[in-house]
S.K.: 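Supplied in structure tokens, the structure appears directly below.
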Amino acid sequence: MSVFGEAAVSAFLELLSAKLLDSALSFVADYQQVREQLMLWQSLLADIKAVLNHAEEEQIHDEGVKNWLDDLQDLAYDVDDILDEAAYQKLRLKLQKTQAQASSSQGGKLIIALESGFRFCQFSFMFNSKIQAITDRLNSLKTRRSSLGLSEIMSQGATSMGNQPRLQPTSLMDGAVEYVGRANEKQEMLELLKSNNSDGVRVLSIVGMGGMGKTTLAQLVYNDPSIKESFDHKSWVCVSTDFDAVNITKTILRSLDADSHDENDLNSLQVKLKYKLSLKRMLLVLDDIWNESYSDWTILRTPFGAGTKIIVTTRLQTVSSNVDSVKAFYLDKLSHHDCLSIFAQHALKARNFDGHPQFKEIGENIVRRCNGLPLAAKAIGSLLRTVTDHSEWEKVYRSEIWDLPEDRCDLIPALRLSYHYLPPHLKRCFAYCSIFPKDYEFEEEEIILLWRAEGFLQSKDKNQGKGLGNQYFQGLVSRSFFQRSSEDKSRFVMHDLMNDLAQSVAGEICCRLEGEKQQKFSHRSRHSAYVIDDWCQSEKKFKAFYQMTSLRTFLHLKDPRYGELYISNIVLDDLLPKLSYLRVLSLGGYKIYDLPDFFEKLKHLRYLNFSRTRIKRLPDSLCSLYFLETLILRGCSYLKNLPSKIGNLLNLHFLDIRGADLIERMPSGFDQLTQLQTLSNFVIGKGDGRLISELKNLSYLRGNFCLSGLENINGQDAREAKLNEKLEIDGLELQWGPDLENNTRKTEVEERVLDFLHPPKMLEQLIIENYGGVKFSSWIADSSLKNLSSLKLRNCKNCKSLPSVGRLPLLKDLSIFGFDQVQKIGVELFGENQLNPFASLEILSFERLPNWKEWDTCEGDEKVLKLPSLRELSIKNCPQLLGRLPTHLASLQKLEIHWCKSLVVSISSFPSLSELSIQGCAELVDDCSSPAKELSSLQTLSLSNISKFNIPADRTMLRFGNSEHFKIGVWQELASLSRHGFSLVGHRFITVWGCPQLQSLEAEKAELQPDKISRVESLRIDCCDRLNRLPQVLHELTFLTVMVICQCRSLVSFAENNVPPNLKKLRIVQCENLEYLVDEKEDICNQLQLLEINRCSKLSCLFSNTKFPITLKYLTIWGCPMLEYMAEEFEESACLESINIIDSGIKSLPRGLDKLIHLQEIFLRSCSNLVSFEECGLLSTSFRAFVVESCGNFGALPKCMASITSLRRLSVRNCSADISFPSEGFPANLTSLAISNAPKIYRSLVEWGLNRLTSLQELTIGGERCSNVVSFPEKGIGMMLPPSLTHIRLLRFENLEFMFSEGFQDLASLKVLEIFQCPKLTSLPAEKELLSLGYLNINSCPLLQKECSNDKGQEWSKISHIPFVTIDDKAVIPRESD
């Protein structure tokens, strides 16, 4: 049974009852018959609701009861839809009445009244028939209820979890199992437990989702031998869902004294326990706590003193918070290796698969599905413990987790338990998330907006939706249903098995479409998402949605791999208007220019997402969506305005127009949107200054808010906005237009405007941009803005001084950008007589202050600017700045000084500095007044474009010698690194670039200390024209694995007796005088894996000693016309996987291709000297791709081509015209085939039968010199195309006239069709053969272009449904609107 048929249905029915009372009954108060029916509904729903607890228990083993619950939930949705229609009509009539009263014309009022009456009569007629149908279904359910024997019973708690009680774990461990993973967590816990403390009870909590190994970790710690030495007593209590302080205390007492008397008075029990523990050290484990009551915990812990250490395991973060943990250990997934070991131990009684190689591959696949969950590995391993049949292992791998036998797989009850104890409102929210695919990352706000639209957030205070949604979301986070993404901490994800759980409990109510895979699509489905698996979505992809006529959610989820997306017009014009019960519609990211005017048919909509589309206008009918709560227009860069009747959207809560920069003004009517909570931007157009007054009614605005176009208002207008009353705004951006030279801009007016835009006192972030006043308002530096943490002042070009923001107590981030008039910064910034300015400031940035000359930091004064918390200081593009930087910056970690051409930068003693970047400055000096100290914390050093480097070599080495990242560049005079104290050794990642005089990179012998040599891992040298050899020290750098050398024109060879011994990756680019890599006396390297040589025009030899490095995996040679051969022969044990040779003089490949057992691909392009390569090569079972293109003399494919069954891609294009088809044909497993300028191959391929390539997906055919071909496929020859094809590209068929439709009839997966330079082609295949097509590209086909370019052409009907059509590089579908 799905979630909506269990406890959540009860909550749903409660909501329906409330709707009946609140909306529908009052709406039909004057219609007695309808009212009587609705009153009957209330009675019937109450009778049905009374037996839900009984039904929930019975449906586990009674199919009839399960079907009854399925029908009930289906009916509940239909009832909700009807009540929603009634509420919609009520709101419509109310709005029309209000508008009629506001009308100045009596005739206008009469017309509105007559129209409203007519529409209501229409609605009441339809409403009556629907009500009767619902009544009949309710009566039927009531009758079936009786026949099923369902009766009213009290809820029995966890009865539905099954008949068998859940066996609780103990402190004992399975001696037959070797426990893996969690070693770091165990060690840290042991150290914390054994440390001395005298500050009361110390608690460690272990938090994680069910099955993550919390209890196992507690057992590992509890049973560690060192624990016995550190504690006098230890006790283990499995608390589980029944948090009974009396029983827990009794269990602890019995562990201390087996003869303790059994009593039930908590007070006497705790007194005894406290006495027993007096002056004793005790370790207590409370396993599996679910109780979230802080008061219960405080009572339980009362007897424990400073000698007690407690370990708590729980699935709930709130429990960890309540117990006041010294540290909470949040368990993440185990590594694949550890999970594999657990699985092998339980499935094979072994630590690995060494003794069972036949199960290794399938076993690894099964463990990957466990996704790091140790209980899953154990449970499924146990299930296979006695199974020796490989097919049974395959069956388990292919099974859904919920299809496994529950009585033998304890994973399922463990996960269901978490769900079972969710409150009903969270059950609905969690199950809804089953529409998201595995590994989908989502933001909190994204999910809350969807929940709100679906009606899951129910609160008496309608304006608490965001706060309530946050509570719901964090409730699921704290219970480990959602976890923070490891890639982006602002996003969340569900563990794969939690996703499986969501699908299981949601049933067919929720479904999703992934690729060609449809999950549980049925007429009952209400919520659906589809995953973008291609950039063009054809009509065919959406066929499944036509059966879901009651669908509420149509949500597309974009894959980040794709940019702009295309969707068939059929979906917009035909499908969506049929989905009239939609609450959620998302079309974000599609290249849509015009929206159909279909919104009157979608009156239930609460959520609309058109972000990143190309719409220029919104249809007026959108303003008939009176229930609309969320409208997302983010990134709609073509949108010019919002609809004029936006004031009709009375329930709008969320409006996001960020990035819709063509919107120049807001329409009037915002004062009607009194529910609005999130408004990203309010744009005031020229002459619309009065409209800002409409903001005063928006009392619930919260989050981030931007006011732009402020140059169009005056002080009185600004006063009317009442910004200071918007108490829940966190971030505020005040934005004037960028044209500060405009004569209409008055500094006094803008100063007055800013005065009256005083923000609320709890503001956290403030941005002021393009402000034209000379001075700032006093409120900016007012200490009443006590929560302000971020202040950014941008392009305030008329201001001559900065506000005194140093007195803001919590300011952490200050950015000053584009102040043309500021010449001096000093005491006015941090405040006159301010004792501790910028006490909290962490990030300070100055950029583009062209006339700034002095920064007075009060050096030598007792009021010296200390900036005690400053972590990052950045000064960029301040060309006149002189003087010194602050030196008292004890917390500074990052310092950036860029393009301050007059500034002498002094490297003071910054003890915490980890990142230093100096670029484009006059001089770099050291503060020699104090002893030089090693910057041991320095991680990254970047120095470039420094006019004068004035630091002694010994101080340079001391200060900068150990940074991990070392970058130095654009230093015209630098001839030697060591002369200035720099060295290649001592760093991990080294980059030297733009040093045209640099000749030597040698290091002094004294520098070659083992600890420094071992650090070097990567070296890049770029644009050093005079560097003619690499340093001898290279062969000492045993950890150097990556080298890149670019544009070093004096370099003749890569290395001479100094090759780094462990080099793995080498790239050499545009070294025009490079002749060879290494001399004849040595191998290049016995560890090299990647070699890339690019545009080295004089390179004539790779390996003089003819030996090819056996470790090399990837070889790329590009633009080396003098290179005729690489080596004579490949070694037997060579590891080569990829050969890529482009625009080079290669005549042949080395002998021994058949020895390359790891070879996967060969790419040969524009190699005019290449004729062929040895026969009987390419026998590798790993060989996947063979590409030969624009090699004019290449004339023969290997005869053994057909035997290379592993080959997937073959391309032979623009080679010798005499190249012929291999006698034995092509490999049958090809997925991509490209043939052009090869008439013999084409003719033989037709006769051989292209349809024999049953796996072929991409086909490119060039018709050069195939003048007899008039159709494709050729009619009469019977050449059918492979059904597997997804992409066809045809080029240069000079006499091709038509496409043979019968040849396309089985291409159900064809997505892309491209046709180039076919001048006589006039027609395409029949429309029915193109239904799956997502992209059609026609180029240089004039006759076909005429028939396809507009709706009058004969071929237009065949292509009008295709999402994306281009003709001669111009988009025809979708066509940009005027």
Side-chain angles (χ1 to χ4, degrees), residues 534 536-543 566 568-570 1232-1236 1242 1245-1246 1249-1254 1256-1263 1266 1268-1368 1371-1373:
D534 202 355
C536 291
Q537 277 89 61
S538 66
E539 172 195 5
K540 184 178 179 182
K541 181 181 180 71
F542 298 93
K543 286 294 184 184
Y566 297 84
S568 172
N569 287 328
I570 304 297
S1232 175
L1233 174 62
I1235 302 294
S1236 71
Y1242 174 76
L1245 188 61
V1246 169
L1250 191 60
N1251 61 328
R1252 293 166 69 174
L1253 300 176
T1254 54
L1256 195 65
Q1257 297 176 17
E1258 184 174 351
L1259 173 65
T1260 299
I1261 296 288
C1266 295
N1268 60 331
V1269 177
V1270 297
S1271 73
F1272 183 86
E1274 292 191 58
K1275 189 175 182 180
I1277 297 179
M1279 183 178 121
M1280 301 298 290
L1281 298 174
S1284 54
L1285 276 173
T1286 62
H1287 189 155
I1288 296 176
R1289 185 184 292 110
L1290 301 178
L1291 336 130
R1292 295 183 288 277
F1293 281 90
E1294 60 182 343
N1295 290 316
L1296 185 68
E1297 297 178 3
F1298 65 96
M1299 309 287 277
F1300 184 41
S1301 292
E1302 290 183 22
F1304 284 80
Q1305 65 185 5
D1306 294 325
L1307 304 190
S1309 300
L1310 187 64
K1311 295 179 179 179
V1312 179
L1313 175 59
E1314 299 184 85
I1315 308 169
F1316 299 86
Q1317 299 177 36
C1318 297
K1320 295 184 181 180
L1321 184 63
T1322 59
S1323 67
L1324 295 168
E1327 179 185 358
K1328 65 179 181 178
E1329 316 303 349
L1330 302 177
L1331 291 179
S1332 62
L1333 208 61
Y1335 176 46
L1336 172 64
N1337 181 20
I1338 300 170
N1339 205 299
S1340 301
C1341 304
L1343 299 180
L1344 185 60
Q1345 182 259 345
K1346 181 179 179 181
E1347 300 298 335
C1348 293
S1349 58
N1350 58 61
D1351 53 9
K1352 295 180 181 178
Q1354 293 187 7
E1355 299 296 293
W1356 178 258
S1357 62
K1358 296 181 181 179
I1359 69 171
S1360 60
H1361 67 282
I1362 300 173
F1364 188 28
V1365 178
T1366 58
I1367 299 179
D1368 293 335
V1372 175
I1373 301 174

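Quantities reported herein were computed from a predicted structural model and do not represent experimental measurements. Computed from heavy atoms alone, side chains included, the values below leave out hydrogens, waters and symmetry copies.
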S.K.: Compare all side-chain heavy atoms of L1290 with those of L1321 and state whether any distance is below 4.5 angstrom.
M.R.: no
S.K.: Provide the closest heavy-atom pair for K1311 versus D534 in the form atom of the first, atom of the second, distance.
M.R.: CD-OD2, 3.0 Å
S.K.: Rounded at 0.5 Å granularity, tell me how far CG in L1344 sits from SG in C1318.
M.R.: 9.0 Å
S.K.: Is the closest side-chain heavy-atom distance between I1362 and L1313 below 4.5 Å?
M.R.: no
S.K.: Does any N or O in the side chain of S1271 come within less than 3.5 Å of the main-chain N or O of F1300, such that one atom is a donor and the other an acceptor?
M.R.: no
S.K.: Nearest 0.5 Å, please: how far is CG in L1245 from CD1 in I1261?
M.R.: 5.5 Å
S.K.: Between H1361 and L1330 (side chain of the first, backbone of the second, donor and acceptor by atom type, cut-off under 3.5 Å), is there such a pair?
M.R.: yes
S.K.: Rounded to the nearest 0.5 Å, what separates atom NZ in K541 from atom SG in C536?
M.R.: 12.0 Å
S.K.: Using side-chain heavy atoms (C-beta onward) and a distance below 4.5 Å, is F542 in contact with I570?
M.R.: no
S.K.: To the nearest 0.5 Å, what is the distance between CD (E1302) and CD (E1329)?
M.R.: 9.0 Å
S.K.: Below 30° counts as parallel, above 60° as perpendicular, anything between as tilted: where do the rings of F1364 and Y1335 land?
M.R.: parallel
S.K.: So, do Y566 and V1365 sit near enough that their side-chain heavy atoms are less than 4.5 Å apart?
M.R.: no
S.K.: If you look at every heavy atom in P1363 and L1333, which pair is closest and at what distance?
M.R.: CD-O, 3.4 Å
S.K.: Are the side chain of S1309 and the backbone N or O of T1286 linked by a donor-acceptor pair below 3.5 Å?
M.R.: no
S.K.: Any sub-3.5 Å donor-acceptor pair from E1355's side-chain atoms to L1324's backbone N or O?
M.R.: yes
S.K.: For a 4.5 angstrom cut-off between non-hydrogen side-chain atoms, does L1250 reach L1233?
M.R.: yes
S.K.: List in chain and number order the residues that pass side-chain hydrogen bond (donor to acceptor under 3.5 Å, both in side chains) with T1260, two or more places apart in sequence or in another chain; answer none if no residue qualifies.
M.R.: R1289
S.K.: Could you tell me whether the side chain of P1319 reaches within less than 4.5 Å of the side chain of L1343, counting heavy atoms only?
M.R.: no
S.K.: What are the two closest non-hydrogen atoms of F1272 and Y1242, and how far apart are they?
M.R.: CD1-OH, 4.4 Å
S.K.: Yes or no on side chain to side chain contact (heavy atoms under 4.5 Å, CB included) for V1246 and V1269, after CA distance, side-chain angles and deciding distance?
M.R.: CA-CA 11 Å; V1246 169; V1269 177; over 6 Å; no
S.K.: Once you round to the nearest 0.5 Å, how far does CG of L1253 lie from CG of L1281?
M.R.: 11.0 Å
S.K.: Which heavy atom of G1303 sits nearest to which heavy atom of P1273, and what is that distance?
M.R.: CA-CG, 3.9 Å
S.K.: Hey, could you give me the OG/NZ distance between S1301 and K1358, rounded to the nearest 0.5 Å?
M.R.: 6.0 Å
S.K.: Where is the tightest heavy-atom contact between L1256 and S1232, given as atom of each residue plus distance?
M.R.: CD1-N, 3.7 Å
S.K.: Please step through side chain to side chain contact (heavy atoms under 4.5 Å, CB included) for the pair L1285 and F1304, ending with a clear verdict.
M.R.: CA-CA 10 Å; L1285 276 173; F1304 284 80; over 6 Å; no
S.K.: Is it true that a side-chain atom of N1337 and a backbone atom of I1315 form a donor plus acceptor pair closer than 3.5 Å?
M.R.: no
S.K.: With side chains defined as the heavy atoms from C-beta onward, is the minimum distance between E539 and L1331 less than 4.5 Å?
M.R.: yes
S.K.: More than 12 foreign heavy atoms under 6.0 Å from CD of Q1354: is that the case here?
M.R.: no
S.K.: Just grab all the side chain to side chain donor-acceptor pair (under 3.5 Å) pairs involving residues 1318-1328, residues at least two apart or on different chains.
M.R.: N1295-K1320
S.K.: Quick one: are I1338 and C1348 in side-chain contact, heavy atoms under 4.5 Å?
M.R.: yes
S.K.: For residues S1332 and K540, report the shortest heavy-atom separation together with the two atoms involved.
M.R.: CB-CD, 3.8 Å
